[in-house]
Amino acid sequence: MDDADALARLSAARVAVLATVRPEGGPHLVPVTFASLGNRLVSAIDHKPKRTGRLQRLENIRADPRVSLLVHGYDDTWRRLWWVRADGSAAIIDRGVDFEAARAALVEKYVHYRSRSPAGPVIEIAVERVVGWESSPGEAIGT
């Protein structure tokens, strides 16, 4: 998979897994919606119910901004498997031009946000590296 294909698949994906680093060094994974804004990826804390307002992903980013975002495609035949991972540095923004641009990108991508735009803080990831893999078209994996 070349870089252009990896970026296209990343941008088109509807859901991703955000990986952050816990204070003790362990991983913390959570599914997120996100949008691409140039070399940045953005995800917002939205209105869906949460157990607490002190979200672990936000606490983790405040302590250590290193993050990864993973998207993938699955096929039961295992002939069209792929994944793309974006690694970068995250920041939490809750106002200003970048905040509004992130919200607008999310509203444009997700119809559910058109009636209720995400109001919570935005996680903005400055992408430093994108890597991906895909199975070869004729490759028989596990058959």
Side-chain angles (χ1 to χ4, degrees), residues 1-137 139 141-142:
M1 172 182 313
D2 64 24
D3 289 349
D5 189 28
L7 290 170
R9 290 180 192 215
L10 178 65
S11 294
R14 305 297 294 166
V15 67
V17 175
L18 174 67
T20 59
V21 181
R22 290 181 178 275
E24 73 280 358
H28 178 258
L29 304 171
V30 64
V32 297
T33 56
F34 72 100
S36 298
L37 286 172
N39 67 340
R40 298 175 296 143
L41 299 171
V42 293
S43 179
I45 307 304
D46 60 22
H47 59 279
K48 291 189 300 297
K50 316 284 190 275
R51 285 186 290 169
T52 176
R54 291 184 49 106
L55 297 178
Q56 186 68 52
R57 68 191 104 161
L58 299 178
E59 297 298 317
N60 294 346
I61 290 167
R62 287 184 185 106
D64 186 339
R66 294 176 298 161
V67 300
S68 290
L69 196 76
L70 177 72
V71 299
H72 74 280
Y74 179 80
D75 177 85
D76 279 337
T77 68
W78 286 18
R79 296 188 194 293
R80 293 183 301 260
L81 303 176
W82 62 269
W83 60 263
V84 174
R85 190 186 74 234
D87 300 326
S89 183
I92 300 167
I93 55 175
D94 58 7
R95 63 182 152 305
V97 174
D98 290 341
F99 175 74
E100 294 303 331
R103 286 177 33 155
L106 289 162
V107 167
E108 182 177 324
K109 185 172 180 179
Y110 298 98
V111 68
H112 288 69
Y113 287 152
R114 293 184 189 147
S115 62
R116 190 169 180 187
S117 178
V122 167
I123 297 169
E124 180 183 72
I125 303 167
V127 177
E128 298 163 1
R129 179 177 178 221
V130 175
V131 294
W133 172 86
E134 68 179 325
S135 58
S136 299
E139 189 174 358
I141 302 172

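Side-chain contact between R14 and Y110: present, with at least one pair of heavy atoms (C-beta onward) separated by less than 4.5 Å. The side-chain heavy atoms of I125 and L18, taken from C-beta on, include a pair separated by under 4.5 Å.
Annotation for E59: atom CD counts as buried by contact number, over 12 foreign heavy atoms lying within 6.0 Å. Annotation: D2, atom CG; neighbour count of heavy atoms from other residues, nucleotides and ligands within 6.0 Å is above 12. At most 12 non-hydrogen atoms from other residues, nucleotides or ligands lie less than 6.0 angstrom from CZ of R129. The number of heavy-atom neighbours closer than 6.0 Å to CZ of R22, taken from other residues, nucleotides and ligands shown, is above 12.
Put simply, OG1 on T20 and CZ on R66 are 11.0 Å apart, with the number rounded to the nearest 0.5 Å. Taken to the nearest 0.5 Å, the CG atom of D98 stands 5.0 Å off from the CD1 atom of I93. In this structure, CD on E100 lies 12.0 Å from CZ on R95, to the nearest 0.5 angstrom. The distance from the CD atom of E128 to the CG atom of N39 is 10.0 Å, given to the nearest 0.5 Å.
R40 contributes no side-chain N or O that, together with a main-chain N or O of V127, makes up a donor-acceptor pair within less than 3.5 Å.
In terms of the side-chain hydrogen bond (donor to acceptor under 3.5 Å, both in side chains) criterion, residue partners of D76 (sequence neighbours excluded) are, by chain and number, Y74. Residues satisfying the side-chain hydrogen bond (donor to acceptor under 3.5 Å, both in side chains) criterion with S89, sequence neighbours excluded, are absent altogether.
The two residues R80 and S135 make their nearest non-hydrogen contact at N-OG, 3.5 Å. For the residue pair R57 and I45, the shortest heavy atom distance occurs at NH1-CD1, 3.8 Å. When all heavy atoms of L70 and R85 are compared, the pair lying nearest together is CD1-CB, 4.1 Å.
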